[in-house]
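First comes the structure, then the notes that go with it.
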Amino acid sequence: MEFISHSDDIKANVTMHGDKMEKDGVNVYHFSDMSIKLKVHKGKIHLSNLFNGDKQLGEMINAAINQNFDAFMKELSPIVEKSLDKFLLGAADGIAESFPFDSLFIE
């Protein structure tokens with residue numbers, strides 16, 4: 001299955017928590033938690049190769065999803081948010097811990 005999505009007017013509310021910690025004798029900032037909440041206002045989704053390649057059934061499913069885009073995104077958003085939480089937390093923490101605390105924040 002292939003998943004293609006075109007979305008517009010996406011809003012994200014990101015909350016991050018962390019603390020200053022010592023790493024290899026240097027004070028750095030460590031992000032311990034991240035929460036992302038998404039709101040996608042417009043979009044279109046296309047799923048391909050559904051039902052062993054049955055084009056007619058696949059087109060019907062895609063039409064149903066896109067006619068009910070808001071409801072579909074309401075169900076899908078928590079899964080996407082949780083995946084983004086994990087991925088972006090690791091990325092943000094890796095970046096923050098690469099710099100001394102004093103170069104990122106003024107005390």
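Note that the structure is predicted; figures quoted are calculated from it, not measured.
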How long is the span from the CZ atom in F105 to the NZ atom in K20, to the nearest 0.5 Å? 10.5 Å

On a heavy-atom basis, which atom in D8 and which in V40 lie closest, and how many Å separate them? O-CG1, 4.3 Å

Side-chain heavy atoms under 4.5 angstrom apart, residues restricted to Ile, Leu, Val, Met, Phe, Trp, Tyr: same cluster for I95 and F87? yes

So, taking the atom named CG in L50 and the one named CE in M60, what distance separates them when rounded to the nearest 0.5 Å? 12.0 Å

Between S83 and I79 (side chain of the first, backbone of the second, donor and acceptor by atom type, cut-off under 3.5 Å), is there such a pair? yes

Any link between L89 and V14 through a network of hydrophobic side chains (Ile, Leu, Val, Met, Phe, Trp, Tyr) touching at under 4.5 Å? yes

Can you sort out the partners of K11 under side chain to side chain donor-acceptor pair (under 3.5 Å), two or more places apart, ordered by chain and number? D9

Would you compute the distance between atom CG of D93 and atom OG of S98 and round it to the nearest 0.5 angstrom? 9.0 Å

Under 3.5 Å, side chain of D85 to main-chain N/O of I36, donor-acceptor pair present? yes

For a quick test of reading the model, state the closest non-hydrogen atom pair linking M34 to M16 and the distance between them. CE-CE, 3.3 Å

Is the closest side-chain heavy-atom distance between L38 and M73 below 4.5 Å? no

N49 CG to D54 CG distance, which is reported to the nearest 0.5 Å: 11.0 Å

Looking only at atom types and distance, does a side-chain atom of N27 sit under 3.5 Å from a main-chain N or O of F101, one as donor and one as acceptor? no

Verify, without hydrogens or angle tests, whether S77 (side chain) and K74 (backbone) share a donor-acceptor contact under 3.5 angstrom. no

Nearest 0.5 angstrom please: L47 CG to N66 CG, how far? 8.5 Å

Hey, could you give me the CG/CD distance between D70 and E75, rounded to the nearest 0.5 Å? 12.0 Å

Chi angles and distances behind the side chain to side chain contact (heavy atoms under 4.5 Å, CB included) call for F99, V28: CA-CA 6 Å; F99 297 95; V28 297; over 6 Å; no

Once side chain to side chain donor-acceptor pair (under 3.5 Å) is applied, do any residues pair with S7, and if so which ones, sequence neighbours excluded? S5

Return each pair, listed once, that meets ring-ring contact (aromatic ring centres under 6.0 Å, His included) where at least one residue sits in residues 31-53; pairs must be two or more places apart or across chains. Y29-F31

Atom CD of E22: over 12 foreign heavy atoms under 6.0 Å: yes

Under the rule for side chain to side chain donor-acceptor pair (under 3.5 Å), what residues qualify as partners of S35, not counting sequence neighbours? none

Residues in side chain to side chain donor-acceptor pair (under 3.5 Å) with K55, at least two apart? none

Side-chain cluster (under 4.5 Å, hydrophobic types only) that I4 belongs to, other residues: none

